[in-house]
Amino acid sequence: MSHPDDKSQQIMRHSAAHVMAQAVLSLFPEAKLGIGPAIEDGFYYDFELPRSLTPDDLLIIEQQMRQIIAADVPFIREEVDKQKARQIFISQHYKLELIDELPDERVGIYRQGSFVDLCRGPHVGSTAEIKNFKLLSIAGAYWRGDESQPMLQRIYGTAFQTSEELAAYLGRVEEAAKRDHRRLGKELDLFSIHQEAGAGLIHWHPKGAVVRCLIEDFWKEEHFKRGYDLVYTPHIFKADLWKASGHWEMYRDYLYPPMEMEGQEYIIKPMNCPGHILIYKTKLRSYRELPLRWAELGTVYRYERSGVLHGLARVRGFTQDDAHIFCRPGQLEDEVVGVLEFARFMMHTFGFDEYEVLLSTRPGKYAGTIENWDKATETLQEAMDRLQLPYEIDPGAGVFYGPKIDIKLKDALGRAWQGPTIQVDFNLPQRFQVTYVGEDGQEHLVAMIHRTVLGSMERFFACLIEHYGGAFPVWLAPIQVAIVPIADRHLDYAQKVAAELRAQGLRIQVDSRSERMNLKIREAQLQKIPYMIVVGDREQTTSTISLRLRNGEDIGTLSLGQFGMIVRSAIEAKRQN
RNA sequence: GCCAGCGUAGCUCAGCGGUAGAGCAGCGGUUUCGUAAACCGCCGGUCAUCGGUUCGAGUCCGAUCGCUGGCUCCA
């Protein structure tokens, strides 16, 4: 979202970063400065410091910043030649590195008081223009984002034009934390992760499992509609197969180590594709039977580095909603269009109306020929153009075996996670000689697509939980109806109502505890159950129910028939209420 | 993997060198109640694990496991 204020806000945040650097330098004169840009929600600055910062340091730095701001120091721009710049930043080796790489002989510097920084600008006129800021967190960050470089200390902060905006932002962050899938996973009893079992390994509780099952059933149905077949492949393959596929060499860091059985090494699968290829190769394939679209909810295991694990969103064992399409090169574009439409349909069905589409192009290390890469990249672009799908290009971010299109979903805190992905593969057809017999009677290599339309069940569930804040639409809600008898004498009637609704295929919970109705409603509400049915003397004598929605709305008295219609229409339309 | 912070009852958290605490949940009672928390009582912890310092360690130090925020990575 572009705002007329965005530009000035960015400038102000960048200036705040400079003020922060000045404050840090006054507290640590020996500090070495990295870079300090404005970012989407604020700003940061990287420092090399004699000791680690603590949260208390942030308060002291903030205080120092307030003094600089109160002093109303003007920002002054100067242009100097590189020689002069090198003198100014003689004790700042990171800055010297930056100066060396600047293209022009003259470089911009900005001063405020005694502080000077290498900077293109622009900046606000004076430090006094920075009013509503807050330092947020400390983090480690490699110099230039390179693992082989020293790690600097990064301070994140944010700044806004008005105190209201700052308060609103901090409030939003707090609200977002309430939608965090890790928190809701516990509160709604959806899943758990256990130290005893291992990091990044998910245990789906009954309520989470129901949601997953519903997603999977829907997923299968939609695949059959679109001409896919289902396949199942094993969880472990011989190590030799992974050597043949190239994974052993390229992805060894992600593979769980081999286990030995009867003198053979086996590896738990990190991907499903080799299995599908083996099925393909069980007979000679004619061009007439292509495309073949084979889907599998395939559970894979990848040894992710410990620091990257994150709830359900980044795990070590997960189920991909995988499929491989084997087609003739000329069919590639239509197939890609088909997958894109499918993915778009899935996103829309699950309520994701905002997502990013990224086209990743050829990386430094790649398989296949440049011509093939260019052609496939073009095909992907044409497919997106045909659907008028706006996308951005992520240069060099393709996987080694081919270009890809990624669709990214955002979590509650605005972090983007890769969901659906469509990848063209030049490597495996070659390595495994995956061919078909063409019209000309000759063997040709197939064009192969790897794709998911959700991503993985785990990550998709994470995004789904956060997207709905745990209040799943009726068709997905683990419990659709909570029945609340007012007193124990209404239990029989409550059970009768429950039985009738269960017979209609609804997921019902009768709260039969000898508790007050208010408590039962509160808990059903906190569990985000879409419908609460209250039954007491009135309902019992008139054979009706009283309906309350999870948004607090009291619908009043209804017959069971009327209620059934409301629920069915919500389920069919996949609505919230 | 790297930097930093953190691991105390099922959950949320207090205690930070001197005999382990609260609320909620759970269990046992009492209450039978009209749209977001009735009341009383009880149970519950080798303070993540292992090792060290100390007369004495949730409390200090080290290692390991795990979590959190970043960085890097993400077929």
Side-chain angles (χ1 to χ4, degrees), chain A residues 44 46 48-49 51-55 57 136-156 177 180 182-183 186-187 189 192-200 245-247 250-251 253-255 269-273 300 302-311 313-315 320 322 360 363 367 397-402 404 406 413 415 417-418 421 423 425 427-428 450 452 459 484-491 513-527 532-539 546-550 552-556:
Chain A
Y44 69 78
D46 290 343
E48 186 181 284
L49 298 171
R51 67 166 174 83
S52 295
L53 292 170
T54 67
D57 291 323
L136 301 172
S137 60
I138 308 159
Y142 299 108
W143 169 239
R144 325 206 90 177
D146 182 343
E147 240 178 322
S148 67
Q149 299 271 6
M151 183 161 268
L152 308 178
Q153 297 188 66
R154 175 172 295 177
I155 303 176
Y156 282 97
D180 191 311
R182 294 165 299 183
R183 174 175 174 158
K186 210 176 277 181
E187 287 174 2
D189 196 12
S192 57
I193 303 171
H194 303 267
Q195 197 167 330
E196 309 90 293
S245 69
H247 293 108
M250 300 294 290
Y251 298 112
D253 291 347
Y254 293 95
L255 294 178
K269 68 176 171 183
M271 323 184 88
N272 305 301
C273 23
V300 299
R302 301 177 185 179
Y303 195 85
E304 298 283 355
R305 295 161 101 184
S306 58
V308 306
L309 300 174
H310 182 89
R314 186 81 181 266
V315 295
Q320 291 183 306
D322 209 358
S360 299
V399 286
F400 83 98
Y401 52 70
K404 61 171 182 170
D406 290 329
L413 291 168
R415 289 177 292 214
W417 295 96
Q418 185 186 307
T421 182
Q423 314 182 340
D425 190 335
N427 178 53
L428 291 178
H450 308 250
T452 66
R459 182 175 287 176
V484 176
I486 289 178
D488 288 348
R489 66 175 178 281
H490 307 120
L491 243 176
R513 298 174 300 170
S514 297
E515 292 287 353
R516 295 176 66 216
M517 174 198 64
N518 291 289
L519 192 267
K520 297 179 188 178
I521 286 179
R522 176 183 151 81
E523 291 186 356
Q525 185 88 39
L526 289 173
Q527 285 297 303
M532 285 156 258
I533 284 181
V534 177
V535 290
D537 290 334
R538 286 207 301 267
E539 290 76 15
S546 180
L547 177 64
R548 177 195 160 101
L549 305 181
R550 61 183 156 189
E553 200 180 336
D554 188 351
I555 301 294

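Just so it is clear: chains get the letters A, B, ... in the order the sequence lines come, proteins before strands, and each one is counted from 1.
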A.B. asks: So which atom in A/R459 and which in A/A313 form the shortest heavy-atom distance, rounded to 0.1 Å?
C.D. replies: NE-O, 2.7 Å
A.B. asks: In the strands shown, is B/U53 matched to any nucleotide by a Watson-Crick or G-U wobble pair with both distances under 3.5 Å, and which?
C.D. replies: none
A.B. asks: Take the protein atom CD of A/Q527 and the nucleotide atom C1' of B/C11, then report the distance between them rounded to whole Å.
C.D. replies: 13 Å
A.B. asks: Over all heavy atoms of both residues, which pair between A/Q525 and A/L549 is shortest? Give the atoms and the distance, please.
C.D. replies: OE1-O, 4.3 Å
A.B. asks: Nearest whole angstrom, please: distance from the C1' of B/C33 to the CZ of A/R538.
C.D. replies: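 The answer, rounded to whole Å, is 13 Å.
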A.B. asks: Can you tell me the pairing partner of B/U19 across any strand shown, Watson-Crick or G-U wobble, with both distances under 3.5 angstrom?
C.D. replies: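 Pairing partner, where one exists within any strand: none, as none qualifies.
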A.B. asks: Where the side chain of A/R302 meets the backbone of A/P270, is there a donor-acceptor pair that is under 3.5 Å apart?
C.D. replies: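 Such a contact is found between A/R302 side chain and A/P270 backbone.
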A.B. asks: Please find the pair of heavy atoms, one from A/L428 and one from A/S245, that lie closest to each other, and give the distance.
C.D. replies: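 Looking at all heavy atoms of both residues, the closest pair is CD2-O, 3.6 Å.
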A.B. asks: Which value, in whole Å, describes the distance between the C1' atoms of nucleotides B/U49 and B/C43?
C.D. replies: 27 Å
A.B. asks: Need the pair for B/G26. Rule: Watson-Crick or G-U wobble, both distances under 3.5 Å, any strand; none if unpaired.
C.D. replies: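 Partner of B/G26: B/C42.
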A.B. asks: Nearest heavy-atom pair of A/N427 and A/Y401: which atoms, and what distance?
C.D. replies: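 Where A/N427 meets A/Y401 most closely, the heavy atoms are CB-CB, 3.4 Å.
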A.B. asks: Show the distances under 3.5 angstrom between N or O atoms of the protein and N or O atoms of nucleotides 42-45 of chain B.
C.D. replies:
none

A.B. asks: A/E196 CD to B/A48 P: how many Å, rounded?
C.D. replies: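 For the pair A/E196 CD and B/A48 P, the rounded distance is 14 Å.
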A.B. asks: Watson-Crick or G-U wobble partner for B/C2, using a 3.5 Å limit on both distances?
C.D. replies: B/G70
A.B. asks: Would you give a per-nucleotide map of nucleotides 66-75 of chain B, 5' to 3', where B means the base has a protein non-hydrogen atom under 4.0 Å away, S means only the sugar-phosphate does, and - means neither?
C.D. replies: SSSBBBBBBB
A.B. asks: Could you give the CZ-to-C1' distance, from A/R513 to B/G26, as a whole number of Å?
C.D. replies: 12 Å
A.B. asks: Are any of the side-chain nitrogens in A/R144 or A/D146 under 4.0 Å away from the carboxylate oxygens of its partner?
C.D. replies: no
A.B. asks: Under the salt bridge (charged side-chain N to carboxylate O under 4.0 Å, His left out) rule, collect the residues that match up with A/R154, sequence neighbours excluded.
C.D. replies: A/D46
A.B. asks: Write down the partner of B/G34 under the Watson-Crick or G-U wobble criteria, each distance required to be under 3.5 Å.
C.D. replies: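 Across all strands, not a single nucleotide pairs with B/G34.
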A.B. asks: Send over the distance from A/D189 CG to B/G10 C1', rounded to a whole Å.
C.D. replies: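 Distance check: A/D189 CG to B/G10 C1' gives 11 Å.
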A.B. asks: With respect to the phosphate group of B/U12, does any side-chain polar atom (N or O) of A/K186 fall under 4.0 Å of OP1 or OP2?
C.D. replies: yes
A.B. asks: When rounded to the nearest Å, what value does the distance between P atoms of B/C60 and B/G23 take?
C.D. replies: 27 Å
A.B. asks: What does B/U64 pair with, Watson-Crick or G-U, if both distances are under 3.5 Å?
C.D. replies: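 When the pairing criteria are applied, B/A48 turns out to be the nucleotide that pairs with B/U64.
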A.B. asks: Please list, chain by chain and in numerical order, all residues satisfying side-chain hydrogen bond (donor to acceptor under 3.5 Å, both in side chains) with A/R314, sequence neighbours excluded.
C.D. replies: A/E304
A.B. asks: What are the atom names and distances for every N/O pair under 3.5 Å that joins the protein to nucleotides 37-39 of chain B?
C.D. replies:
unit_1, atom_1, unit_2, atom_2, d
B/A37, N7, A/R522, NH1, 3.1
B/A37, N7, A/R522, NH2, 3.4
B/A37, N6, A/R522, NH2, 2.7
B/A37, N1, A/R522, NH2, 3.2
B/A38, OP2, A/R516, NH1, 2.7
B/A38, O5', A/R516, NH1, 2.8
B/A38, O4', A/R516, NH1, 3.4

A.B. asks: What distance, rounded to whole Å, do you find between the two P atoms, one in B/G15 and one in B/G7?
C.D. replies: 10 Å
A.B. asks: Can you tell me how far P in B/C11 sits from the matching atom in B/G1, rounded to whole Å?
C.D. replies: 25 Å
A.B. asks: Which part of the nucleic acid, if any, lies within contact of A/Q149, taking any heavy atom under 4.0 Å across all strands shown: a base, the sugar-phosphate backbone alone, or nothing?
C.D. replies: nothing
A.B. asks: Can you tell me, in whole Å, how much space there is between the P of B/G44 and that of B/U32?
C.D. replies: 31 Å
A.B. asks: Salt bridge (charged side-chain N to carboxylate O under 4.0 Å, His left out) with A/K269: which residues, sequence neighbours excluded?
C.D. replies: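 Applying salt bridge (charged side-chain N to carboxylate O under 4.0 Å, His left out) to A/K269 gives A/E296.
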